[in-house]
Amino acid sequence: MPALVVVGAQWGDEGKGKIVDLLSPHAELVVRYAGGANAGHTLVVRGEKLVLHLVPSGILHEGKRCLIGQGTVIDAQTVIDEIDALEKRGVSTAGRLGVAERAHLVLPHHKLLDGLREAAAGDGKIGTTKRGIGPAYEDKIGRRGVRVGDLWRDGLLEKIEANLANWAPVAKALGGELPSAKEIAEQAAGWAERLQPLGCDAAREAAEALGAGKKVLLEGAQGTMLDIDHGTYPFVTSSSAIAGGACTGAGVGPTGIDKVVGITKAYTTRVGGGPFPTELEGPIGEALRKAGAEFGATTGRPRRCGWLDLPALRMAARVNGLTSIALTKLDVLTGMGELKLCTGYQLGGQSYDEPPFDGWEDVEPVYETMPGWDEDISGCKSKDELPKTAQEYVARIEELAACPVSIVSVGPDREETFGHDAPFG
């Protein structure tokens with residue numbers, strides 16, 4: 001049975017947690033394959049809100065096995081805190097949660113360095129979450145990282161010392177002071193005690209599940225336009241956030257993936273710095289922010305809001321090989337009056353149907369206006385039940401993105417979504 005990938009098709013915050021939560025009952029294994037605790041997947045179940053940063057959203061479903069893959073960078077304390085929070089809610093993770101031994105660790109000095117860099121950058125800052133994600137991935141690529149499996153093996157102190165030695169000149173130049181290797185090792189002893197029982201070869205487990213004909217759901221983080229290779233560089237994350245990242249991050253070969261569902265809001269948001277062609281800074285943008293409760297799940301920062309950007313979505317469909325789209329927060333557009341869709345860009349007298357290499361800050365969005373709707377759509381159970389103008393809005397997105405919309409979210413709760421009954425086909 002081939003795997004299904006869930007990937008963000010915008011700048012993150014599209015509602016991946018909710019969609020993974022809805023698709024998980026149909027899967028037998030759920031694997032988070034990229035990013036770190038900079039991702040916050042928000043779930044609302046029977047009116048109760050839960051935010052998970054590293055533990056896969058499928059953990060809420062009894063009997064589902066969930067893995068944190070080696071493509072992630074792991075803040076050990078965050079994982080432990082999430083396990084404790086889940087257990088407190090009556091959600092047992094025993095025997096159901098695995099952590100890849102090959103995943104790299106986010107260490108305390110990574111967070112310190114992340115914050116120091118952002119502060120030093122001034123107006124040129126990236127707008128990171130200051131969770132240490134970038135420095136941890138730098139260590140991974142620089143071949144000096146400390147991995148989860150190192151926590152319970154000999155030589156941990158020496159690896160931490162070598163890692164700190166690399167960063168010491170950077171910290172000094174930025175006016176900071178790093179913790180000692182001994183301090184970090186003492187914290188790590190507590191992490192090891194909790195995480196060693198969870199340590200596993202996540203890639204092999206995922207491959208064996210597929211080989212046995214099991215349904216595997218691969219959970220992404222952030223979004224396509226934050227991808228290190230395909231996003232709005234340098235205002236991007238440090239990992240491969242596209243569907244291709246599932247191959248390396250989860251250890252699943254491309255022939256094992258059959259479906260890719262791209263999540264997009266019915267409008268566009270982004271957090272942090274970087275270009276945003278359709279951003280609305282006036283009352284309409286504020287209305288979207290208020291109606292959509294657009295505040296970062298990880299940082300609490302207000303999200304920038306704007307009309308749906310089809311050039312970006314069109315690119316996301318291409319680079320991810322989307323087989324379908326999950327459209328979230330359609331209900332937020334209720335009562336907004338006339339709606340606009342960005343169908344292309346103009347830059348220097350040239351037209352673009354996808355994002356250009358550079359000049360993002362200067363592109364002029366080309367808009368198409370569509371009528372809105374005032375009816376409450378939260379009870380709709382199919383596209384046919386939506387108001388006619390809402391149906392036309394969804395159909396136009398399908399046409400412009402050249403990709404079918406299979407799932408539609410019409411409210412924040414788990415039950416206020418339709419089209420997710422047979423995701424594996």
Side-chain angles (χ1 to χ4, degrees), residues 6 8 12-33 35-69 72-100 103 106 129 131 148 187 190-200 202 205 215-222 263 292-300 326 328-329 378 407 409 411-417 420 423:
V6 172
D13 306 309
E14 302 97 345
K16 292 180 293 298
K18 178 181 181 179
I19 300 303
V20 170
D21 173 55
L22 289 165
L23 301 184
S24 292
H26 304 277
E28 291 158 277
L29 180 67
V30 182
V31 186
R32 165 75 181 273
Y33 67 80
N38 55 339
H41 292 177
T42 303
L43 311 171
V44 180
V45 183
R46 293 182 294 276
E48 189 175 359
K49 182 179 175 180
L50 175 66
V51 179
L52 295 173
H53 298 279
L54 282 165
V55 175
S57 307
I59 200 70
L60 293 183
H61 296 276
E62 188 175 348
K64 301 301 177 183
R65 173 74 169 163
C66 295
L67 304 177
I68 305 175
T72 62
V73 287
I74 291 179
D75 184 324
Q77 191 58 54
T78 295
V79 174
I80 292 167
D81 290 344
E82 289 187 10
I83 292 171
D84 290 344
L86 287 163
E87 297 285 349
K88 189 175 180 180
R89 287 172 177 253
V91 179
S92 176
T93 60
R96 299 179 51 225
L97 179 63
V99 180
V106 175
T129 58
R131 297 298 180 98
V148 169
Q187 291 183 63
W191 303 335
E193 183 179 351
R194 295 291 301 275
L195 296 185
Q196 187 171 3
L198 309 180
C200 66
E205 188 171 339
K215 298 174 183 177
V216 178
L217 181 60
L218 304 175
E219 177 182 355
Q222 285 85 44
I263 319 298
E294 296 296 354
F295 298 89
T298 298
T299 64
T328 62
K329 292 198 171 185
S378 61
I407 299 172
S409 172
D413 201 84
R414 177 191 276 172
E415 306 303 323
E416 295 172 324
T417 311
H420 54 84

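These numbers come from the heavy atoms of this one structure, side chains and all, not from hydrogens, waters or symmetry mates.
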Partners meeting side chain to side chain donor-acceptor pair (under 3.5 Å) with [X] (sequence neighbours left out):
{"X": "Ser24", "value": "none"}
{"X": "Arg96", "value": "none"}
{"X": "Thr328", "value": "none"}
{"X": "Glu294", "value": "Lys265, Tyr267, Arg303, Lys329"}

How close do [X] and [Y] get, counting heavy atoms only, and between which atoms?
{"X": "Lys16", "Y": "Gly220", "result": "CE-O, 3.8 Å"}
{"X": "Ala202", "Y": "Leu67", "result": "O-CD1, 3.8 Å"}
{"X": "Ile74", "Y": "Ala103", "result": "CD1-CB, 3.6 Å"}

Can you tell me how far [atom2] of [Y] sits from [atom1] of [X], rounded to the nearest 0.5 angstrom?
{"X": "Leu217", "Y": "Cys66", "atom1": "CG", "atom2": "SG", "answer": "9.0 Å"}
{"X": "Glu28", "Y": "Arg65", "atom1": "CD", "atom2": "CZ", "answer": "13.5 Å"}
{"X": "Asp13", "Y": "Ile263", "atom1": "CG", "atom2": "CD1", "answer": "13.0 Å"}
{"X": "Leu54", "Y": "Thr78", "atom1": "CG", "atom2": "OG1", "answer": "6.0 Å"}
{"X": "Arg194", "Y": "Ile80", "atom1": "CZ", "atom2": "CD1", "answer": "5.5 Å"}
{"X": "Ile19", "Y": "Thr417", "atom1": "CD1", "atom2": "OG1", "answer": "5.5 Å"}

Going by side chain to side chain contact (heavy atoms under 4.5 Å, CB included), name the residues that satisfy it together with [X], two or more places apart in sequence or in a different chain.
{"X": "Asp81", "value": "Gln77"}
{"X": "Glu87", "value": "Ile83, Ser92, Thr93"}
{"X": "Glu416", "value": "Ser378, Val410, Pro412, Asp413"}
{"X": "Pro423", "value": "Leu4, Leu23, His26"}

Checklist entry - Between His61 (side chain) and Asp21 (backbone), is there a donor-acceptor pair under 3.5 Å? => result yes
Next on the checklist: I'd like to know if the side chain of Arg32 reaches the main chain of Ser57, judged simply by a donor and an acceptor atom lying under 3.5 Å from each other, with no hydrogens or angles considered.
Outcome noted: no
Checklist entry - Would Lys64 and Ile59 count as a side-chain contact (heavy atoms from CB on, under 4.5 Å) if you check the C-alpha gap in whole Å, the side-chain angles of each, and the deciding distance to 0.1 Å? => result CA-CA 6 Å; Lys64 301 301 177 183; Ile59 200 70; over 6 Å; no
Side chains of [X] and [Y] in contact at under 4.5 Å (non-hydrogen atoms):
{"X": "Leu97", "Y": "Glu82", "result": "no"}
{"X": "Pro56", "Y": "Val31", "result": "no"}
{"X": "Glu219", "Y": "Val30", "result": "yes"}

Checklist entry - Would Arg131 and Asp75 satisfy salt bridge (charged side-chain N to carboxylate O under 4.0 Å, His left out), going step by step from the backbone distance to the final call? => result CA-CA 9 Å; Arg131 297 298 180 98; Asp75 184 324; over 6 Å; no
Item to check | Verdict with supporting geometry, Lys88 and Asp84, side-chain contact (heavy atoms from CB on, under 4.5 Å) | outcome: CA-CA 6 Å; Lys88 189 175 180 180; Asp84 290 344; over 6 Å; no
